[in-house]
Q: 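This is the structure I have questions about; it appears just below.
Note that the structure is predicted; figures quoted are calculated from it, not measured. Heavy-atom basis, side chains included; hydrogens, waters and symmetry copies ignored. Note that ligands are numbered from 1 as they come in the structure, with each ligand's atoms numbered from 1 the same way.
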Amino acid sequence: MKFNPADKIQDLQYFGEFGGVNPSISDSSTYTFLAAKSMMDTFEGNQEGCYLYSRHSSPSNLYLGEALAAMEGSESANVCASGMGAITPTLMQMCNQGDHIVSSRTIYGGTYAFLKNFAPKFGIQTSFVDITNLEKVAAAITKNTKVIYCESVSNPLLEVADIIALSKLAKKHGIQLVVDNTFSPLNISPIKLGADVVIHSLTKFINGSSDTVGGVICGTKEFVDSLRNVNDGASMLLGPVMDSLRSASVLKNLRTLHIRIKKHSENALHLAQKFEQDGLKIIYPGLENHPQHELFKNMYNEEYGFGGMLAIDAGSLEKADELMELMQTRNLGYLAVSLGFYKTLFNAPGTATSSEIPIEEQKEMGLTDGLIRFSIGLDNDIERTYQAMKQCMLELKIL
Ligand code: PLP
């Protein structure tokens with residue numbers, strides 16, 4: 001039967017300590033042992049099912065991790081305090097001094113800054129490539145390469161990575177494919193397509209209420225256990241742990257993700273099609289003119305659509321700024337970074353979420369000044385929103 005990520009979440013059953021319909025929240029940083037030997041065994045990783053200390057693991061984090069592993073079809077998952085708290089330990093765990101990463105050049109600015117400016121301090125170098133050009137990806141691999149890194153749908157240009165082909169390439173070279181799936185939870189299931197590790201910023205669609213930051217690393221049990229190892233595990237030693245109270249609330253929000261994603265996708269497709277007909281320059285993987293439209297269709301879990309992210313080119317930074325301010329005044333969304341909220345969020349990534357990327361490199365990758373990235377909200381009547389947005393564009397002579 002076809003893998004359906006939302007069904008996998010639905011199939012889990014939890015009871016709280018007193019038969020509650022939600023699991024009890026673990027309100028402890030440390031845990032008692034009945035026998036001293038069990039504590040020693042837990043330290044050495046030889047004892048399953050015992051909790052030691054909440055930076056290592058906690059019942060609440062394990063519940064959320066289990067649900068996210070089920071969603072991605074991975075053996076295990078480690079919940080983290082932020083998306084960056086998932087990305088950086090993963091790469092630090094996989095790479096040693098002298099190792100090399102081949103990364104997509106169109107990635108979240110924070111990830112780009114980590115790879116470009118921070119990882120070299122530990123002797124880890126990165127080549128940034130056009131991830132849609134498989135020949136360039138292959139040519140960048142060296143004998144020291146340990147990881148191919150990409151986003152399934154990239155931030156902010158919405159380029160779609162060919163996960164099946166990249167995974168074949170990674171396997172051929174005996175290296176790992178790490179995919180950040182933040183923009184397309186449920187839409188795309190990278191592990192099912194051959195990725196080794198999937199990362200999410202839970203801050204975005206998965207939590208969906210813009211009230212916390214969070215992250216997750218989904219992978220094999222062996223890899224996830226290695227991250228938590230008390231002697232050399234990057235998650236354990238760098239310490240980006242999520243608080244139990246938060247992970248309990250993220251788990252509750254995760255249960256409505258399938259409904260939200262369908263609505264985000266439906267609304268984004270509606271706006272993309274309408275604005276395309278109006279002659280606006282628009283990037284959305286659900287449009288036939290998107291360069292990877294067919295590829296997306298080849299990889300996606302169809303019922304969740306093409307996702308809630310789209311980008312338009314307003315022509316110049318000035319026009320982009322004017323449009324965003326006007327749309328906010330008319331309550332069509334918020335001028336804010338981040339994504340996956342009930343309300344539409346927009347920003348001009350060249351000066352915001354991708355500002356870590358030097359201007360020349362932004363130009364090379366096609367990130368124009370006037371680009372506005374939209375995270376389309378859960379608007380009940382999206383045609384009404386379209387009419388109001390169009391009015392703003394007409395007033396500003398963008399249309
Ligand atoms: N990955 C992507 C694609 C993102 O857009 C972001 C944040 O914007 C991150 C990772 C980092 O996540 P966080 O802000 O939760 O650390």
Q: What is the minimum heavy-atom distance between Ile282 and Leu271, and which atoms define it?
A: CD1-O, 4.4 Å
Q: Only one of Ser244, Pro23, Ser249 forms a side chain to side chain contact (heavy atoms under 4.5 Å, CB included) with Ser60, so which one is it?
A: Ser244
Q: Given side chains that start at C-beta, do those of Ile25 and Leu245 come closer than 4.5 Å, heavy atoms only?
A: yes
Q: Using a threshold of 4.0 angstrom between heavy atoms of the protein and any atom of ligand 1, which residues qualify?
A: Ser82, Gly83, Met84, Ile87, Tyr108, Glu151, Asn155, Asp180, Thr182, Phe183, Ser201, Thr203, Lys204, Gly214
Q: Compare all side-chain heavy atoms of Leu64 with those of Leu202 and state whether any distance is below 4.5 angstrom.
A: yes
Q: Check whether the side chains of Asp180 and Thr182 place a donor and an acceptor atom closer than 3.5 Å, and report yes or no.
A: yes
Q: Would Lys121 and Phe118 count as a cation-pi pair here, with the cationic atom under 6.0 angstrom from the ring centre and within 45° of the axis?
A: yes
